[in-house]
Number of protein chains: 4
Amino acid sequence: MEEPTDDKKQNRRLAILDAAADVFADRGYATATCDEIAKRAAVSKGTLYNYFRSKQDLFTQLFLSSVAEDEATIDGVIAQPGTAREKLEAVLGYWFEQFSRYDDLGRLVLEFWSTAAAEEEDGTFTQTLQDMYGRYRQRMTQIFKQGQSSGEFDLVYGPSMAASVVLALFDGIGLHSMMGLSVKMDAKTLATIKRGMLRALGVEPEPLAENTPTGGDTKDADA
Amino acid sequence: MEEPTDDKKQNRRLAILDAAADVFADRGYATATCDEIAKRAAVSKGTLYNYFRSKQDLFTQLFLSSVAEDEATIDGVIAQPGTAREKLEAVLGYWFEQFSRYDDLGRLVLEFWSTAAAEEEDGTFTQTLQDMYGRYRQRMTQIFKQGQSSGEFDLVYGPSMAASVVLALFDGIGLHSMMGLSVKMDAKTLATIKRGMLRALGVEPEPLAENTPTGGDTKDADA
Amino acid sequence: MEEPTDDKKQNRRLAILDAAADVFADRGYATATCDEIAKRAAVSKGTLYNYFRSKQDLFTQLFLSSVAEDEATIDGVIAQPGTAREKLEAVLGYWFEQFSRYDDLGRLVLEFWSTAAAEEEDGTFTQTLQDMYGRYRQRMTQIFKQGQSSGEFDLVYGPSMAASVVLALFDGIGLHSMMGLSVKMDAKTLATIKRGMLRALGVEPEPLAENTPTGGDTKDADA
Amino acid sequence: MEEPTDDKKQNRRLAILDAAADVFADRGYATATCDEIAKRAAVSKGTLYNYFRSKQDLFTQLFLSSVAEDEATIDGVIAQPGTAREKLEAVLGYWFEQFSRYDDLGRLVLEFWSTAAAEEEDGTFTQTLQDMYGRYRQRMTQIFKQGQSSGEFDLVYGPSMAASVVLALFDGIGLHSMMGLSVKMDAKTLATIKRGMLRALGVEPEPLAENTPTGGDTKDADA
DNA sequence: AATGAATGAGTTTTCATTCAT
DNA sequence: TATGAATGAAAACTCATTCAT
């Protein structure tokens, strides 16, 4: 009968990871203190070190679990049956949905990228990100290929390049959205971008809902 | 005859900024030490503080001068006369050219973004970035409008939205390129992306040079 | 059973305060180093900051506890029943007794005064000192009033002014004594001053002990 | 013809001493910076070191010149012919007059005392102060002796002890006055104290001016 | 396992003093 | 002589990590 203990251990671990996500997002890795993480997780500082070898280890575990969680979610989204266009719309929808959470997550993601960029060639972060984006690209590529085969898409690029560009665009939009730069991620703007992307992929999107007249708004939502 | 002194002072200032750029790029703001910056600038630690009020000030000055430099360059690029398409190609060319320098600059830029994200609402970094991107978007918007008037472009979005999306895409590509994620910024890939963007904007790009047969490569450069 | 821990904490705190008193007295606030205080308290520098927020805080706490201790003592002295003259003699006795400790304390007290003088209008130190001296004056005033009512004293000043002057005189004597200036605080001199003060207050003091012939010594102890 | 140069040198020296007096009074010795002194004296930092060997030396010179100036003034006051009482009144008048300047000077004087207290046994400051107060006491003693001989004074103490006590009282009053403790140094209070001191010395002072009725006010100016 | 007090290496910053011009 | 940029030693303070309880 050691499962309760194991469960408890798991819970504690997750509580600490949650707290760490908060604090790292608020303060950034370097400025975050173990004291604060412990306090927000409602454990003692010593306990932190029973679950994680070091601050760095805690950050790495958080990164890995975030990536795993993300990937599981997106896998679920893509795995659904349907036409290429339906799949693509589902992915776009999910991704854009993320942007609304980006106010919370953005800083943390930036920290992950920053850490990756600072690593020696092919460190854990870089490698993990490359692997993850590699898989993302594969999945997107498959969608694009399916769309090409079925005649749904008339791609500007080849499927793989299209996947790369779309992924880069997603991250670019997320970045700008988070910083309040050129794109404000309200629902209408997102819908506009989505429609544009679909048309750029050679797909004529369905008309927008009644409150967004096709002509003016689609042509220039922010003119 | 005080120019020699002033020049010397300017040089010292620039030498310190250069060194700081290196160290901040290598280690990130929080991990970088003033000791190391001083050492790399070949001045004493005290001298650092004769030129900059604090580590934070040094970082901010570096950010501001980077932004100013960037903006001056891009102004020059856009100011050139020509068709909308020529202007757009010039901007694309310049931007993509930056990516090759991104191995050096990328981490630093990430630090800038990170700092902005960590700021209180409307801090210096955020404000400066928003201003800068605001101006970028204006310039891009003008190009798109010119292209629309002249009938060169048949835009998917309105000019302003198009500008926003293109800017976000640029940064997304830069980010992915730097991290070695989905896009490798070699000359051929860049050319491919450029052609695709132009076509997505409704412009039929000129055929590629002889070594890049239209069919296969354009369709899928990385298949 | 948390008292042992609390006691230990209290002891540590007191040990640090003691060490700080030593070092501040030796070197003055500005010249004292936290390193030395830690060393003298036989704790690490970090521990200092577990108990006190800053060097300034440590100094302030030391000041406040000194004042509190002083005041508690003098309260006890004054609270005793007796004639006004007996009370006055008790206060004088206590105060003069302090002077012998002044070799140790004097510098520290000077630091307190100095800090108060350097403060913005109505800082903590100034306010605390003003409060403390306000209470001292009240107590002394009461004694003088009692003496007047009972016919013991024939005051040169009104009771409140008398209290003020006597307090100022005490501090002046303490200051001069500490610096080895005009007054050396040996027992005989103190006795002489005490007798003089009493006479100046209109009280005819009791004759001195046999080894201090009234005539010569009272008239000029240091001629 | 080097006198103009010498004069200039003297002026510079005095300008620096003046500036130093200001800054030391404002900030205290340890917190004062040579930078600020130089700026306030309108000379370069290097020039400071042409006139004074070090910050410590500057402080010491300032102390010595302050003491010399003080002493010259008081010598002049005492040297005037007259009865003992007239001389005493002149000294009291001068001293109390100082108190009104104490807002400016007080902090500086405290710094001097503090430095003296921190010195090794018989350092420059201590020695100088002891010498100065020794001479003060001598002069006061002479006045008291003259007063005794002429029958003007009926001293509580012997002349030398009286001198010591009076000097200590002066400094105590100055200290308290500066800190806004028990005594506020307005003209009326000073007059009251002066009258009281004279009576304590056995001299019946002249009646106060018409606006200060003898009875109430003399008895208790602040009741 | 959990705690949290203790540690001390590491960092930013200041400022008296020097010295080339 | 005057200047003020350069220096670097010194000091306050932080915080990841340890370990006795």
Side-chain angles (χ1 to χ4, degrees), chain A residues 5 8-9 12 30-39 42-59, chain B residues 1-2 4-6 8-9 12-13 16 30-39 41-58, chain C residues 1-2 4-6 8-9 12-13 30-39 41-58, chain D residues 5 8-9 12 29-39 42-59:
Chain A
T5 303
K8 216 167 157 190
K9 270 185 75 169
R12 274 245 157 129
T31 315
T33 69
C34 293
D35 246 322
E36 172 140 12
I37 294 172
K39 196 163 293 169
V43 301
S44 77
K45 231 186 325 176
T47 299
L48 232 58
Y49 284 82
N50 285 336
Y51 288 85
F52 301 93
R53 270 197 312 278
S54 66
K55 185 190 180 188
Q56 179 62 55
D57 180 45
L58 176 50
F59 188 62
Chain B
M1 202 185 187
E2 36 177 17
T5 302
D6 280 6
K8 219 168 164 185
K9 269 185 78 167
R12 270 263 156 112
R13 208 188 109 91
I16 292 171
T31 316
T33 71
C34 293
D35 246 327
E36 170 133 18
I37 293 172
K39 201 161 290 169
V43 300
S44 75
K45 226 179 333 171
T47 297
L48 231 60
Y49 286 84
N50 285 337
Y51 288 85
F52 301 93
R53 270 196 307 278
S54 64
K55 185 189 180 187
Q56 177 63 54
D57 179 47
L58 176 49
Chain C
M1 202 185 186
E2 36 177 17
T5 302
D6 280 7
K8 219 168 164 186
K9 270 185 77 166
R12 271 261 156 115
R13 207 188 111 90
T31 316
T33 72
C34 292
D35 249 326
E36 170 133 17
I37 294 172
K39 200 162 291 169
V43 300
S44 75
K45 222 182 336 170
T47 297
L48 229 61
Y49 286 85
N50 285 338
Y51 287 85
F52 302 93
R53 269 196 309 278
S54 64
K55 185 189 180 187
Q56 177 63 53
D57 180 47
L58 175 50
Chain D
T5 303
K8 216 166 154 192
K9 271 185 72 168
R12 275 246 157 130
Y29 175 77
T31 315
T33 70
C34 292
D35 247 321
E36 172 141 12
I37 294 172
K39 196 162 292 170
V43 300
S44 77
K45 232 188 323 178
T47 300
L48 232 60
Y49 285 83
N50 285 337
Y51 288 86
F52 301 93
R53 270 196 311 277
S54 65
K55 185 190 181 188
Q56 178 62 54
D57 180 46
L58 175 51
F59 188 63

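Just so we're on the same page: letters track the sequence lines, and every chain starts at 1.
- Distance from the side chain of A:S44 is smallest to E:dT3 among E:dA5, E:dT3, F:dG8.
- Along DNA chain F, the nucleotide closest to C:T33 and the one closest to B:G46 are compared, and the more 5′ of them pairs with B:G46.
- Taking atom CD1 of A:I37 as the reference point, atom P of F:dC15 lies 12 Å away to the nearest angstrom.
- Of the inter-residue distances, the one linking B:R13 atom CZ with B:T47 atom OG1 reads 14.5 Å to the nearest 0.5 angstrom.
- Closest-nucleotide positions on DNA chain E for C:A42 and B:A30 were compared, and the one nearer the 5' end corresponds to C:A42.
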Whenever both distances are under 3.5 Å in a Watson-Crick or G-U wobble pair, mark it; put DNA chain F into dot-bracket that way, with [ ] for crossing pairs and | when the partner is on another strand.
.||||||||||||||||||||

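- Between A:D35 atom CG and F:dT14 atom C1' there is a gap of 10 Å when expressed in whole angstrom units.
- The two residues B:F52 and B:I16 come nearest to each other via the heavy atoms CE1-CG2, 3.5 Å.
- Here the nucleotide nearest the side chain of B:S54, chosen from F:dA2, E:dT13, E:dG4, is E:dT13.
- Rounded to an integer number of Å, the gap from NZ of B:K55 to P of F:dT14 is 15 Å.
- Checked by distance alone, D:K45 brings no side-chain donor or acceptor within 3.5 Å of a matching partner on the base of F:dT3.
- Closest heavy-atom contact between D:A30 and C:A30: CB-CB, 3.0 Å.
- A:A32 comes within contact range of the sugar-phosphate backbone alone, with a heavy-atom separation under 4.0 Å but no base atom that close.
- In terms of heavy atoms, A:K55 sits closest to A:Y49 at N-OH, 4.4 Å.
- When rounded to the nearest whole Å, the span between CD of C:Q56 and P of F:dA11 equals 18 Å.
- A straight line from CZ of B:F52 to P of E:dT14 spans 15 Å, rounded to a whole angstrom.
- The interatomic distance linking C:K39 (NZ) with F:dA11 (P) rounds to 11 Å, in whole Å.
- Closest contact between the side chain of D:Y49 and the listed nucleotides F:dT3, E:dA16, F:dA11 involves E:dA16.
- Within the nucleic acid shown, B:T47 comes within 4.0 Å of at least one base atom, counting heavy atoms only.
- Among E:dA16, E:dT7, E:dT13, the nucleotide with an atom closest to any side-chain atom of D:C34 is E:dA16.
- Within the model, atoms NZ of A:K45 and OG1 of A:T33 stand 8.0 Å from one another, a figure rounded to the nearest 0.5 Å.
- The nearest whole Å value for the distance from the CZ atom in D:F59 to the P atom in E:dA16 is 13 Å.
- Of the candidate nucleotides E:dA6, F:dA12, E:dA16, E:dA6 has the atom lying nearest to any side-chain atom of C:N50.
- Across the protein-nucleic acid pair, C:Y51 atom OH and E:dT7 atom C1' stand 13 Å apart, rounded to whole Å.
- Looking only at distances, no side-chain donor or acceptor of C:Y51 sits under 3.5 Å from a matching main-chain atom of C:L58.
- To the nearest 0.5 angstrom, D:L48 atom CG is 11.0 Å from D:R12 atom CZ.
- Close to E:dA16, at under 4.0 Å from its OP1 or OP2, lies no side-chain N or O of D:R53.
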